[in-house]
Amino acid sequence: MIGKHPCDEGVVLAAPASRPCAEAARPWVLATTILGSSLAFIDGTVVNVALPALQREFGASVADVQWVVEAYALLLSALLLVGGAVGDRLGRRRVYASGIALFAAASAACGLAAGVRQLIIARAVQGAGAALLVPGSLAIISASFPEQERGRAIGTWSTFSAVTTALGPVVGGWLIEHVSWRWAFLVNLPIAVTVLGLLFWRVPESRDREAAGRLDWMGAALVTLGLGGIVYGLVESTRLGWPDPRVWGSLAGGAVALLGFTAVEARSRFPMVPLALFRSRTFAGANLLTLLLYGALGGLFFFLPMDLIRVHGYSATAAGAAGLPFILMLSLLSRWAGGLIDRFGPKVPLVVGPLAAGAGFALFALPGTSGRYWGTFFPAMVVLGLGMAISVAPLTTTVMNAVDMRHAGIASGVNNAVSRAAGLLAVALMSLLVLHAFNAEMDRRLAAMNVAPDVAAAFDGERVKLAAAEAPPGARPSDGTTIQRAISLAFVTGFRQMVLVAAGLALASALIAAAMITAPA
């Protein structure tokens with residue numbers, strides 16, 4: 001039968017053959033989950049490198065390119081909460097394959113988009129596909145490996161996912177620079193075809209046979225509306241202004257929807273987020289840590305390519321390669337870090353890792369508008385990569401071990417949703433911080449330059465582009481050069497404030513780990 005693996009549930013196997021069969025499938029499980037989940041990871045990093053190119057081609061504001069990122073993150077964050085549950089009920093391999101196929105179709109639509117609105121819609125569909133495949137990867141691993149081997153299996157997944165992800169920004173940057181930003185999306189198609197082939201050839205099906213009841217679509221709708229309303233209000237406040245009723249109305253509506261989501265989950269017979277999971281102090285602490293640490297990371301990697309390309313003059317390829325030390329630290333150390341939890345328990349790596357990451361964030365505040373890479377961004381990348389390498393695999397293992405095995409899918413979905421929602425909210429909030437600092441610094445510099453009032457007024461329309469802003473055409477050549485210099489310095493001012501806030505979030509996540517994470521009984 002096509003798509004049927006001899007280890008699938010429902011296939012009759014002699015008892016002595018079942019264990020060797022499961023063991024034989026494990027290398028293929030790792031290969032397939034690594035490649036599939038890397039689609040979502042690569043896409044996130046490549047898109048950030050592509051943002052300056054999108055601003056040039058479509059004349060997009062920062063709010064426009066925020067939506068290119070946020071539309072994907074919104075659907076991914078919200079639907080991850082049902083993605084794990086759907087896999088537990090209908091079959092993790094089946095749902096994983098559906099996510100891969102949907103993601104590939106949306107990638108093709110992104111590559112063919114004729115305008116920024118079409119791109120945003122396609123990105124939202126990509127997010128829905130990723131919501132099915134991301135939790136499925138870890139759930140398949142957890143169902144395929146016994147608990148004593150799971151930490152190293154997840155560490156291996158983290159290592160090789162990091163290797164494939166490392167190639168994404170470099171290859172994507174080269175495609176953006178030499179071909180077109182569109183190929184940063186189209187490159188997903190051959191990877192998706194390979195994953196689907198391996199999936200149905202070698203990976204056995206698994207599901208939670210005790211799962212019952214309807215899927216919580218009401219909860220999914222409420223959390224989507226809640227996050228969407230809050231993000232819309234924050235993003236569009238830069239264009240519409242805070243007094244606009246669409247801004248405060250969407251913020252209020254989003255808050256009400258999230259409160260409604262909590263009430264629905266508390267009363268539902270079959271909630272997509274069983275609130276009982278959060279009775280575990282370790283599970284709650286690990287997710288709060290995830291929210292803060294991944295929020296800091298999301299804000300950094302949204303603004304960093306703008307700083308590298310617009311302020312420091314990096315090419316798209318060089319901007320993509322600038323993150324290699326971070327990825328390589330993850331790839332070299334994640335498997336080792338996966339074993340730390342077995343040696344020291346969960347608390348030590350989850351305190352030390354975020355502290356090191358916080359130091360890395362703070363180092364990003366040191367570069368100005370010039371300087372060689374090796375003395376500016378390289379040290380920050382290495383230290384941040386070290387901190388995240390110590391954190392990621394132990395954090396994931398801690399989350400999965402804090403719940404019963406039959407809830408592996410939903411636990412993975414919750415933690416991944418928290419990490420994605422963290423980036424979603426951080427980009428919106430940190431954009432306000434960066435824009436405020438940018439405008440304040442530009443006002444100060446324009447006043448010191450004594451530019452003509454009409455030139456200053458003309459520049460107001462460029463402010464929403466941040467580092468991509470340009471001096472007004474009516475400015476004198478000497479003023480134009482000075483204004484461009486001021487734009488770079490003002491953006492660096494905002495960027496520095498943002499990374500220092502990120503460092504504070506990392507420090508807070510370490511304190512949370514110290515207070516809430518405990519070893520399993």
Side-chain angles (χ1 to χ4, degrees), residues 35-80 82-83 95-136 165 168-169 171-173 175-176 179-196 220-221 224-225 227-228 231-232 235-236 298 301-302 305 316 320 416-417 420-421 423-424 427-428:
L35 280 176
S37 57
S38 291
L39 281 172
F41 300 152
I42 291 171
D43 189 79
T45 53
V46 170
V47 167
N48 288 339
V49 175
L51 295 181
L54 294 176
Q55 283 188 289
R56 285 195 303 270
E57 179 158 338
F58 295 130
S61 67
V62 167
D64 291 327
V65 295
Q66 272 185 268
W67 278 118
V68 173
V69 174
E70 301 285 57
Y72 175 86
L74 174 61
L75 271 293
L76 175 54
S77 302
L79 298 183
L80 268 173
V82 294
V95 172
Y96 188 65
S98 300
I100 295 290
L102 184 60
F103 191 93
S107 295
C110 288
L112 300 174
V116 71
R117 290 187 179 179
Q118 292 180 21
L119 179 59
I120 290 169
I121 293 170
R123 286 281 291 162
V125 178
Q126 255 193 332
L132 299 178
L133 73 91
V134 169
T165 304
V171 175
L175 291 171
I176 292 164
V179 186
S180 169
W181 60 265
R182 299 177 185 277
W183 281 96
F185 296 103
L186 297 176
V187 75
N188 292 331
L189 301 183
I191 299 174
V193 171
T194 302
V195 172
L196 290 174
T224 303
L225 290 172
L227 290 173
V231 170
Y232 178 86
V235 172
E236 293 301 318
F301 282 107
F302 179 79
N416 276 282
R420 303 293 176 163
L424 173 75
V427 168

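Here the structure is a predicted model, which means the values were calculated and not measured.
- Nearest heavy atoms, Ala53 versus Trp181: CB-CB, 4.4 Å.
- Put simply, CD on Gln66 and CG on Leu51 are 10.0 Å apart, with the number rounded to the nearest 0.5 Å.
- Here CG of Leu112 is found 11.0 Å from CG of Leu119. Values are rounded to the nearest 0.5 Å.
- Taking CG of Leu132 as the start and CD1 of Ile100 as the end, the distance is 9.5 Å to the nearest 0.5 Å.
- Taking the six-membered ring for Trp and the full ring otherwise, the centers of Trp67 and Tyr72 sit at least 6.0 Å from each other.
- When side chains are defined from C-beta on, Val116 does not count as touching Glu57, because their heavy atoms never get closer than 4.5 Å.
- Under the 3.5 Å distance criterion, the side-chain polar atoms of Arg182 are matched with a main-chain donor or acceptor of Gly111.
- A distance of 5.5 Å separates CZ of Phe103 from CG of Leu39, quoted to the nearest 0.5 Å.
- Nearest heavy-atom pair, Ala71 versus Ile120, reported as atom, atom and distance to 0.1 Å: CB-O, 3.6 Å.
- Atom CG in Leu227 sits 10.5 Å away from atom CG in Leu75 (nearest 0.5 Å).
- Contact record, Ala73 with Leu424: CB-CD1, 3.9 Å, taken as the closest heavy-atom pair.
- Closest approach of Ser37 to Leu133, counting heavy atoms only: CA-CD1, 3.9 Å.
- Two residues are said to be in side-chain contact when any heavy atoms from C-beta on lie closer than 4.5 Å; Leu76 and Gln126 fail this criterion.
- Listed here is the closest heavy atom pair of Leu196 and Ala97: CD2-O, 3.7 Å.
- Using a 4.5 Å cut-off on side-chain heavy atoms (C-beta onward), Val69 and Val47 make contact.
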For this session: Would you sort out whether Asp64 and Gln55 count as a side chain to side chain contact (heavy atoms under 4.5 Å, CB included), showing the intermediate values?
Result: CA-CA 8 Å; Asp64 291 327; Gln55 283 188 289; over 6 Å; no
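- Under the 3.5 Å distance criterion, the side-chain polar atoms of Arg123 are left unmatched by any main-chain donor or acceptor of Glu70.
- For Ala106 against Ala122, the heavy-atom pair with the smallest separation is CB-O, 3.6 Å.
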Using a 3.5 Å cut-off and no angle test, enumerate the donor-acceptor pairs between side-chain atoms of residues 183-195 and protein atoms at least two apart in sequence or in another chain.
{"unit_1": "Asn188", "atom_1": "ND2", "unit_2": "Ser107", "atom_2": "OG", "d": "3.0"}
{"unit_1": "Asn188", "atom_1": "ND2", "unit_2": "Phe185", "atom_2": "O", "d": "3.3"}
{"unit_1": "Thr194", "atom_1": "OG1", "unit_2": "Pro190", "atom_2": "O", "d": "3.0"}

